Amino acid sequence: MSTHVAKYRKDYLSPAFTTEHVDLDIILDDHRTKVTAILDVKQLREGEVLHLDGNKSLNLLQILVNGQAHDDYQCSDDSLTISGIGSCQLTIVNEIDPKNNSALEGLYKSGDAFCTQCEAEGFRRITFYQDRPDVLATFTTRIEAPKTGYPFLLSNGNKVDGGELDNDRHWVRWQDPFPKPCYLFALVAGDFDQLADTFTTRSGRQVALEIFVDKGNLYRAHHAMESLKKSMAWDEQRFDLEYDLDIYMVVAVDFFNMGAMENKGLNVFNSKYVLASPDTATDADYMGIESVIGHEYFHNWTGNRVTCRDWFQLSLKEGLTVFRDQEFSSDLNYRSVKRINSVRILRGQQFVEDAGPMAHPIRPEKVIEMNNFYTLTVYEKGAEVIRMIHTLLGEEKFQAGMALYFQRHDGQAVTCDDFTQAMQDASGIDLGLFRRWYSQSGTPQLDVSDRYDAQTKQYHLTIRQMTPVTADQDEKLPLHIPVDIELLTDAGESIALVGCDTQRNGAVLNLRDQEETFIFENVANEPTICLLQQFSAPVKCHYDYSDEQLLRITQFATDTFCRWDALQHLIHKYIRLNVHNQQNGGVFELPESFVDVLRGALLDPDIDPAFNALLFTLPSTIELIQLFDEADIATIDSVRGKLMQYLAEQLEDEMTALIHHASQIDHNDLEAIQIGWRSLKSQLLQFAAFRDEALIANEYRQAQTMTMTLAALTAANQADLPCRDELMRDFEKKWQHDGLVMDKWFNLQATYPGTDALQRVKSLLKHPSFSLSNPNRTRALVGRFCYWNAVAFHAEDGSGYEFLSEILMQLNENNPQLAAGLLTPLIQFARLGKTRQAKIKVILGKLAALPNISGDLYEKVDKALSQINS
Ligand code: B3K
Ligand code: ZN
């Protein structure tokens, strides 16, 4: 029987004690770091004992109550229960072993530096504490270490004291005046290069900005610094929010389980989201850095000043902060492109999560390992829910809601309900039904039909909603769904809408019931409907479009999302058709009208390169699998390849001309227009690879930036060109010393389309640049192979699944969080058919039988097994 116990949202109980102040003294040592915590404990309910969370890695040395030894306590593997105390000063002394901490939670070593990761429940690996987000304390932290190797000793808040000691040692004291939950605690000690700057807030306060990177990497930290300053200015302008401490620090580390962490005043970042120079980072990397720097900065208000009452409320801070970072990127760069990319992640990955064993509402009800719930559902769907509130309220009322939220809850740990209540109270708009988005999981499906009455000039639009049952919930109810629409004439003109709240080129319809009909008056002729402008709700939508209508929308819709989406509909349709053809011995076919629309897009004198790059980004094989009840992966992949080849042939002249044009106007700047051209050229090179190897090899050799180097290399890899191996060797030789750049190379190796991809990946596990203890490397090679190399990973002999299970068995104990992340493609088996599912079931059974299976893996494996058995 498993020892892993689930917690339920409904069981929330406020704490019987709280800790108001924490005075930490941490004497750093690789294997015996000594932690002394003096806690000002306050009793909130009489007659209860103090329960502190802990971990078996803690070595408890001493407990004092008000300075006196206290032995009325019980210490287990994961807790310390202290009886016979009320409000008091509690001192706990313990030791930890950072160097042997391979889980990368709590205090650990990343290379030569000490660093911490406490969210969600890592602080309990540093000391015994009430490790729950509704216990808010001020912290002072004294850090002591040798000067050699650790000239920088950092923690949250402001540096208030420090000094020298004998034997080459020194110490520093930090004070964080803002009460915070312990998941926001951070400590970093090491030797870094430091990039310093300042930001003057709109009220005139000067904030010191410091970015710490590995020695020699300073020149790669400037973009992160610029992004930070932009974030600070944007949050003042758009959200009226100013930074609150005198210093903001960011440290880049190489060993990190995720992207970055918003610790108060001291963000710790995966170096992938800090370091960039044109020769080592692509435009996408630059954008990623801007967005993650923004995201962590925005948490200072949405997450830190107002935090979560309990971890079930995670989307309170994550959904809202993703929404804010998306808006930041949209305001600074290119809104439509950002929106389409967000939708691609949502549909391609979050919808799949909804359909699998890990389905959960954005506010989960039941959790074993909290780290398993930093999901696309909580983050990306969570952001969509905030976006819908924004759509329903409009910017002005939304901002009034934000202001009320901070006015009511600054300094508190609150719930998602507190947030929606503030939005409702400030706007006067009823969000009662809307709240169901927080409790109901799954992807709603809209079925849309219409009727035009030429006599009355009325257009009747009927929308039915239905949410399919999910692994976690059998019953589904109607939701409040904003459906933003536009009507087009046959000539592609936008029709002014009468009979509903009009705005822009359309209207936001409020769908609340299971089925509703909306009537539009004075519509001169039968219109074409564009549904879900800007993807106004995270739903699947079905309407029986003719090809002609879809082509019309692609060309004429006002909304860029709808234009892109109509093209996706067409691509899906032709993929389905050709998969059917190929399975039945037929030939590949594609209507001329479709090729013509794409040709028109390439020939447009006012071409918008960034948007066209998206039009020419075909859905991945893994996305296309979702179109089929039982996917024939090899055929889908082959049809996708044929579609690319066919378009490459049909549009050869237009594509070649644009590739040349793009080369002429690329000056390697980070201006949006330049990024757009590089992005279009990169996509077109993927097509060109099928007919012009010399062009690709030449582009690789001529490339001035990592963006174009990687575009050429990707093209060579995807088309498996004869020059591919030589170019890969060249890249390897040049970058083998640089792990982050080598991750790009591992990514390509992982998605190699040849039949021996798995063999290659296996032998690369021994590559000198690879290490299973580094999460970035592991995700770049193993993660990328399992998630994105659909054909090889899902090979019918089960070899891909066996491979993943071997890796997971190695990681299960060393880094369970990383292991659980890598498991994802194995448990998304809904469309894979019985043969593969049987193989997956065997593998899951093996994992479940691991004698020391971590909670992280157990939770996902157990859910997967129940779904696969049902
Ligand atoms: N809040 C952190 C994520 C923590 C993940 C813990 N497993 C980063 C972020 O979302 O900003
Ligand atoms: Zn976040």
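Numbering of ligands and ligand atoms starts at 1, following listing order. In this text the structure is predicted, and so the values were computed from the model without any measurement.
D418 pairs by the salt bridge (Lys or Arg N to Asp or Glu O under 4.0 Å) definition with nothing, not counting sequence neighbours.
The residues K338 and E327 are annotated as not salt-bridged, no charged nitrogen and carboxylate oxygen being separated by less than 4.0 angstrom.
Results of the side-chain hydrogen bond (donor to acceptor under 3.5 Å, both in side chains) test with H295 over E262, E290, R324, E318 single out E318 as the only residue that passes.
In terms of distance to the Zn ion (ligand 2), the nearest N, O or S atom of E318 is named OE1.
Enclosure of atom OH in Y273 is not indicated, since only 12 or fewer non-hydrogen atoms of other residues, nucleotides or ligands lie within 6.0 angstrom.
Aromatic ring centres of F398 and F323: separated by under 6.0 Å. Annotation: W301 is in aromatic contact with F406 [ring centroid separation under 6.0 Å].
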Could you check ligand 1 for N or O atoms lying under 3.5 Å from protein N or O atoms and list the pairs with distances?
| from | atom 1 | to | atom 2 | distance (Å) |
| --- | --- | --- | --- | --- |
| ligand 1 | 1 (N) | E119 | OE1 | 2.6 |
| ligand 1 | 1 (N) | E262 | OE1 | 2.8 |
| ligand 1 | 1 (N) | E262 | OE2 | 3.4 |
| ligand 1 | 1 (N) | K317 | NZ | 3.4 |
| ligand 1 | 1 (N) | E318 | OE2 | 3.1 |
| ligand 1 | 7 (N) | N371 | OD1 | 2.8 |
| ligand 1 | 7 (N) | Q817 | NE2 | 3.1 |
| ligand 1 | 10 (O) | H295 | NE2 | 3.4 |
| ligand 1 | 10 (O) | E318 | OE1 | 3.0 |
| ligand 1 | 10 (O) | E318 | OE2 | 3.0 |
| ligand 1 | 10 (O) | Y379 | OH | 2.4 |
| ligand 1 | 11 (O) | E262 | OE1 | 3.3 |
| ligand 1 | 11 (O) | H295 | NE2 | 3.1 |
| ligand 1 | 11 (O) | E296 | OE1 | 2.7 |
| ligand 1 | 11 (O) | E296 | OE2 | 2.9 |
| ligand 1 | 11 (O) | H299 | NE2 | 3.1 |

